[in-house]
There are 2 protein chains.
Amino acid sequence: MFSKSCQYAIRAALYLAVHAVDGARIGVRELADKLEVPQPFLAKVLQQMVRGHLISSVKGPRGGFFLSERNQEVTLKQIVLSIDGPDAFTSCILGLPVCSGTHPCPLHFQAMAYREGLNYQLKYQAIGDLAQRISREEMNI
Amino acid sequence: MFSKSCQYAIRAALYLAVHAVDGARIGVRELADKLEVPQPFLAKVLQQMVRGHLISSVKGPRGGFFLSERNQEVTLKQIVLSIDGPDAFTSCILGLPVCSGTHPCPLHFQAMAYREGLNYQLKYQAIGDLAQRISREEMNI
DNA sequence: TTTGTAAAAGATATGCGGGTCCTTTATTAG
DNA sequence: CTAATAAAGGACCCGCATATCTTTTACAAA
């Protein structure tokens, strides 16, 4: 479903939303440590996210990554779109090049029903909001 | 979601169910041709399916692949299980090693709803039945 | 202005799913 | 029995996501 990059991206964004509060910044080191993912690779994903304006960063001492006000409004869908591209939700589950409502594959409608459901969720989950739920319910990231 | 191997497997099984009727056999050549997939790779997938008793084959002249009575009862879920293994539906959508109802990731319940629905469909779709729907509604395979 | 720090950037490696090729074995038609 | 045919099996290759390493750039504190 999601690529490793995308999974890391989502988890990193959520971690920042929960922990990089009140102007605090978090470095790759801590981030990679807490998420238990390879540090150099995570760094790549993070800078890709910065370029896509999904998260923010400052260099230098006491620098690191964080979420601006605007970043808090970013939805999970935007992250997926930015990292994995637009095909993640639209491509045929059987890999057919042409598969639509009018020319469906045998699994088209089943797959669509459930993907649209998830799609809808991601579309309306802003990182900031989700972060509150995570803190409240003590979820894993 | 599904690996290429698994997609090919499902499509091949469905093609056989629709076209390899009345004791007719179909060779890799035709199968690869009609499904528009690489022939040697499809051959691998097919023999894997034979070993898993998902489809049947006979060697020699007029040989090829086909579905026995028993094969017709095979469900899509069995195919997925046999090719992609049991993690296809159970692994965490964010890649967390531990993610369950009691220790959920932030997307656990949304993802579950989505996957369980599809899972249910696959579990109860026998290849033979699905093939009839495909013929009836002239679907792509 | 200098120095330490941390991200950005670029170049490079690796593992594995995906894909190919070649040889062997089984079957069946003649 | 033989020859033709088609699947089975083994060995191999390749591209890309994934991962790493090194150098450069920016910033902040003193």
Side-chain angles (χ1 to χ4, degrees), chain A residues 1-12 16 20 23-33 35-68 71 80 82-85 87-88 91 94-95, chain B residues 1-12 16 20 23-33 35-68 71 80 82-85 87-88 91 94-95:
Chain A
M1 182 87 248
F2 301 144
S3 69
K4 275 257 167 44
S5 293
C6 194
Q7 294 177 338
Y8 295 167
I10 293 174
R11 295 177 60 203
L16 290 179
R25 288 81 180 264
I26 293 183
V28 203
R29 191 108 33 83
E30 177 183 342
L31 217 34
D33 219 50
L35 301 181
E36 296 186 87
V37 304
Q39 202 212 84
F41 186 66
L42 178 63
K44 287 296 174 196
V45 176
L46 290 172
Q47 66 187 65
Q48 196 180 341
M49 293 175 80
V50 171
R51 278 197 298 271
H53 306 290
L54 302 171
I55 66 178
S56 307
S57 69
V58 292
K59 294 184 179 182
R62 312 285 316 152
F65 298 91
F66 66 100
L67 301 186
S68 68
N71 294 152
V80 174
S82 172
I83 305 290
D84 278 352
D87 292 349
S91 62
L94 291 186
Chain B
M1 182 88 250
F2 301 144
S3 69
K4 276 261 165 46
S5 294
C6 193
Q7 294 177 339
Y8 294 167
I10 293 175
R11 294 178 60 204
L16 290 178
R25 287 83 178 262
I26 293 184
V28 202
R29 190 109 32 82
E30 177 183 342
L31 217 33
D33 219 50
L35 301 181
E36 297 186 86
V37 303
Q39 203 210 85
F41 186 64
L42 179 62
K44 287 296 175 199
V45 177
L46 289 172
Q47 67 188 63
Q48 198 180 340
M49 294 175 80
V50 171
R51 278 198 298 270
H53 305 291
L54 302 171
I55 65 178
S56 307
S57 69
V58 292
K59 294 183 180 181
R62 311 287 313 154
F65 298 91
F66 65 99
L67 301 186
S68 67
N71 294 150
V80 174
S82 172
I83 305 290
D84 278 353
D87 292 348
S91 63
L94 290 185

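So you know, we letter chains A, B, ... as the sequences are listed, proteins then strands, and number each from 1.
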By ring-ring contact (aromatic ring centres under 6.0 Å, His included) - contacts of A:Y8 (at least two apart): A:F41
Between CD1 on residue A:I10 and CE on residue A:M49, distance to nearest 0.5 Å: 8.5 Å
Separation between OG of B:S68 and NE2 of B:H53, rounded to the nearest 0.5 Å: 10.5 Å
Take the protein atom [atom1] of [X] and the nucleotide atom [atom2] of [N], then report the distance between them rounded to whole Å.
X     : N      : atom1 : atom2 : value
B:D87 : C:dG17 : CG    : P     : 13 Å
B:Q48 : C:dG19 : CD    : P     : 14 Å
A:E30 : C:dA7  : CD    : P     : 11 Å
B:D84 : C:dG17 : CG    : C1'   : 11 Å
A:Q47 : C:dA11 : CD    : C1'   : 13 Å

Sequence neighbours excluded - side-chain hydrogen bond (donor to acceptor under 3.5 Å, both in side chains) pairs with any residue from residues 38-52 of chain A: none
Contact list for residues 56-66 of chain A, test side-chain hydrogen bond (donor to acceptor under 3.5 Å, both in side chains), sequence neighbours left out: A:S56-A:N71
Global bending angle along the helix from C:dT1-D:dA30 to C:dG30-D:dC1, which compares the axes of five pairs at either end, to 10 degrees: 10°
Non-hydrogen side-chain atoms of A:V37 and A:R11 separated by less than 4.5 Å: yes
Sub-4.5 Å side-chain heavy-atom contact between A:F2 and A:I83: no
Residue-phosphate contact under 4.0 Å: A:R51 side-chain N/O, C:dA8 OP1/OP2: no
What pairs with [X] under side-chain contact (heavy atoms from CB on, under 4.5 Å), at least two apart in sequence or on another chain?
X     : value
B:S82 : B:L54
B:A20 : B:L16, B:I26, B:F66
A:P40 : none

Protein-to-nucleotide contact annotation, 5' to 3' order, nucleotides 20-30 of chain C [B base; S sugar-phosphate only; - none; under 4.0 Å, heavy atom]: B----BBBB--
Outermost DNA chain D nucleotides near chain B [under 4.0 Å, heavy atoms]: D:dA4 to D:dA11
Minimal non-hydrogen separation, B:D84 against B:C6, with atom names: OD2-CB, 3.3 Å
